[in-house]
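Note sheet for the following structure.
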2 protein chains.
Amino acid sequence: MRQGEYICYNWAVPDKSAITEMERLFQGLADRTRLRLLNLMADQEVCVCYFVEILELPQPTISRHLGYLRRTGLVAARREGRWMHYRISVPRGRLARQLLMDTLRWLAADKQMQRDRSRLTRACCAQDKFVNLQGAPVPQPVREGVGERRSI
Amino acid sequence: MRQGEYICYNWAVPDKSAITEMERLFQGLADRTRLRLLNLMADQEVCVCYFVEILELPQPTISRHLGYLRRTGLVAARREGRWMHYRISVPRGRLARQLLMDTLRWLAADKQMQRDRSRLTRACCAQDKFVNLQGAPVPQPVREGVGERRSI
DNA sequence: CCGTCATATGCGCCAAGGCGAATATATTTG
DNA sequence: CAAATATATTCGCCTTGGCGCATATGACGG
């Protein structure tokens, strides 16, 4: 994988029927940790080390859940040197997109989710306070339309 | 349970945080059979025997999935004599409701789902053609606002 | 009350999913 | 190339979920 290129594991979906897509989407969303991850990515591209710092979960746990999200096509990943950046991969279909947006709105309304978000903001602004974030790339706002899904 | 009364198993949700509600909602939606069931209930209250007839799955399978849906609060049940009627239980929260509506819209756009629906329509109009539907109550359009969730 | 019909539930089996711990991989730096 | 860093994957364990099958429950009719 070349640097700066987004990837998405759509190859894992041999049956492309809408019903299978929905099943997989909901399976991807049906976990508290993954919802928290998505919430943090709602409008930013975020580096893995921040997830580990903010969610206070073991790094392999974070990585595994990001893997699930990748495989269900919900997020895309980009490598930058040692760092991996994750961002939400907006579905192409209108109805699927609508559904994901509703989910993100709902997440944004939740107390714990707001807490996670503000912790992320603080971590970015005072990066030097976090021993595990030294030199970590700051989350970048997602440019609309960039990084849309590309199958590999 | 008295006849004609709707029930919903919200008791199964001790932690009422939004995140738990979302997790449970998505778990409920993350199965092909349950999506097909919800699609058939989109704007009608439907009796179990129709589900068995239309989905062509064993009755215990149907019943178990209806049980999951009941326990996640996605549907409500009403008894009428020997028959059980199921209908979608619209969430109270605006964002959750929005999400469910989008899901139903998405289902309605799917080919297989449309096939299920038209099979249901046909079964209702020619009930006598189906040996397992003799005398079964015909699905009734859902009256808006009736049968909203009530915890027990 | 007994049989029947509609539906629900229990049981055993297998596959999938989540977790902690250890280890592997990829990239940069010296 | 070796060491360090960031991230991913593997393994073993346990829990959950779905299924087929058998059986239980609940309501009605005779």
Side-chain angles (χ1 to χ4, degrees), chain A residues 1-5 7 9 12 23-24 26-37 45-53 55-72 75-86 127 130-137, chain B residues 1-5 7 9 12 23-24 26-37 46-53 55-72 75-86 127 130-138:
Chain A
M1 165 186 171
R2 293 200 298 283
Q3 290 211 5
E5 246 185 56
I7 55 162
Y9 293 75
E23 223 180 354
R24 293 177 59 84
F26 290 130
Q27 280 165 5
L29 294 173
D31 178 276
R32 158 176 325 242
T33 301
R34 294 197 288 274
L35 289 175
R36 293 178 75 192
L37 289 169
E45 173 187 84
V46 182
C47 168
V48 175
C49 54
Y50 286 99
F51 294 134
V52 177
E53 185 69 36
L55 301 193
E56 295 176 287
L57 291 171
Q59 176 266 323
T61 296
I62 301 283
S63 224
R64 245 186 329 235
H65 281 291
L66 287 170
Y68 298 149
L69 288 172
R70 245 169 31 227
R71 265 168 251 120
T72 60
V75 306
R78 178 175 66 91
R79 180 179 282 282
E80 180 186 329
R82 295 193 276 261
W83 293 281
M84 286 293 281
H85 299 265
Y86 281 85
Q127 204 186 73
F130 297 84
V131 67
N132 297 313
L133 294 183
Q134 304 301 332
Chain B
M1 164 189 172
R2 293 201 299 283
Q3 291 212 3
E5 246 185 56
I7 55 162
Y9 293 73
E23 224 181 352
R24 294 177 57 82
F26 289 130
Q27 280 164 4
L29 295 173
D31 178 276
R32 158 178 323 244
T33 301
R34 294 197 287 274
L35 290 175
R36 294 178 75 192
L37 288 169
V46 181
C47 169
V48 176
C49 54
Y50 286 99
F51 294 135
V52 177
E53 186 67 37
L55 301 194
E56 295 176 284
L57 292 171
Q59 176 266 324
T61 297
I62 300 284
S63 223
R64 245 186 327 237
H65 281 291
L66 287 169
Y68 298 149
L69 288 172
R70 245 169 31 227
R71 265 168 251 122
T72 61
V75 305
R78 177 177 66 90
R79 180 179 283 283
E80 181 187 327
R82 294 194 276 261
W83 292 282
M84 288 292 281
H85 298 266
Y86 281 85
Q127 206 186 72
F130 297 83
V131 67
N132 297 312
L133 294 181
Q134 304 302 331
V138 168

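Nothing here was measured: the structure is a model prediction, and the numbers come from that model. Side chains included, hydrogens not; waters and symmetry mates left out as well; all remaining heavy atoms used. Numbered from 1 within each chain, the chains take letters A, B, ... in sequence-line order.
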Partners passing side chain to side chain contact (heavy atoms under 4.5 Å, CB included) against V52(A) (at least two apart in sequence or in another chain):
V48(A), Q59(A), I62(A)
Please enumerate all residues that pass side chain to side chain contact (heavy atoms under 4.5 Å, CB included) together with P60(A), with sequence neighbours excluded.
P58(A)
Rounded to the nearest angstrom, tell me the gap between atom CZ in R78(B) and atom P in dA6(C).
17 Å
Which residues share a side-chain hydrogen bond (donor to acceptor under 3.5 Å, both in side chains) with Q27(B), sequence neighbours left out:
none
E23(A) has an atom CD; how far is it from atom C1' of dG17(D), in whole Å?
13 Å
Quickly work out the R82(A) CZ to dG30(C) C1' distance and round it to whole Å.
12 Å
In whole angstroms, how far is the C1' atom of dT7(C) from the CH2 atom of W83(B)?
12 Å
E80(B) CD to dC28(D) C1', in whole Å, measures 13 Å
With a cut-off of less than 4.0 Å, is there a side-chain N or O of R70(B) near OP1 or OP2 of dT9(C)?
yes
To the nearest 10 degrees, how far apart in direction are the end axes of the helix from dC1(C)-dG30(D) to dG30(C)-dC1(D), each fit to five base pairs?
10°
Counting only side-chain N and O atoms of Y86(B), is one of them less than 4.0 Å from OP1 or OP2 of dA6(C)?
no
Atom pairs under 3.5 Å: protein N/O with N/O of nucleotides 18-22 of chain C:
from	atom 1	to	atom 2	distance (Å)
dG18(C)	OP1	R34(A)	NH1	3.2
dG18(C)	OP1	R34(A)	NH2	3.0
dG18(C)	OP2	R34(A)	NH1	3.3
dC19(C)	OP2	H65(A)	NE2	2.7
dG20(C)	OP2	T61(A)	OG1	3.4
dG20(C)	N7	R64(A)	NH2	3.3
dG20(C)	O6	R64(A)	NH1	2.5

Check the phosphate of dT7(C) against R79(B), side-chain N and O only, distance under 4.0 Å to OP1 or OP2. Yes or no?
no
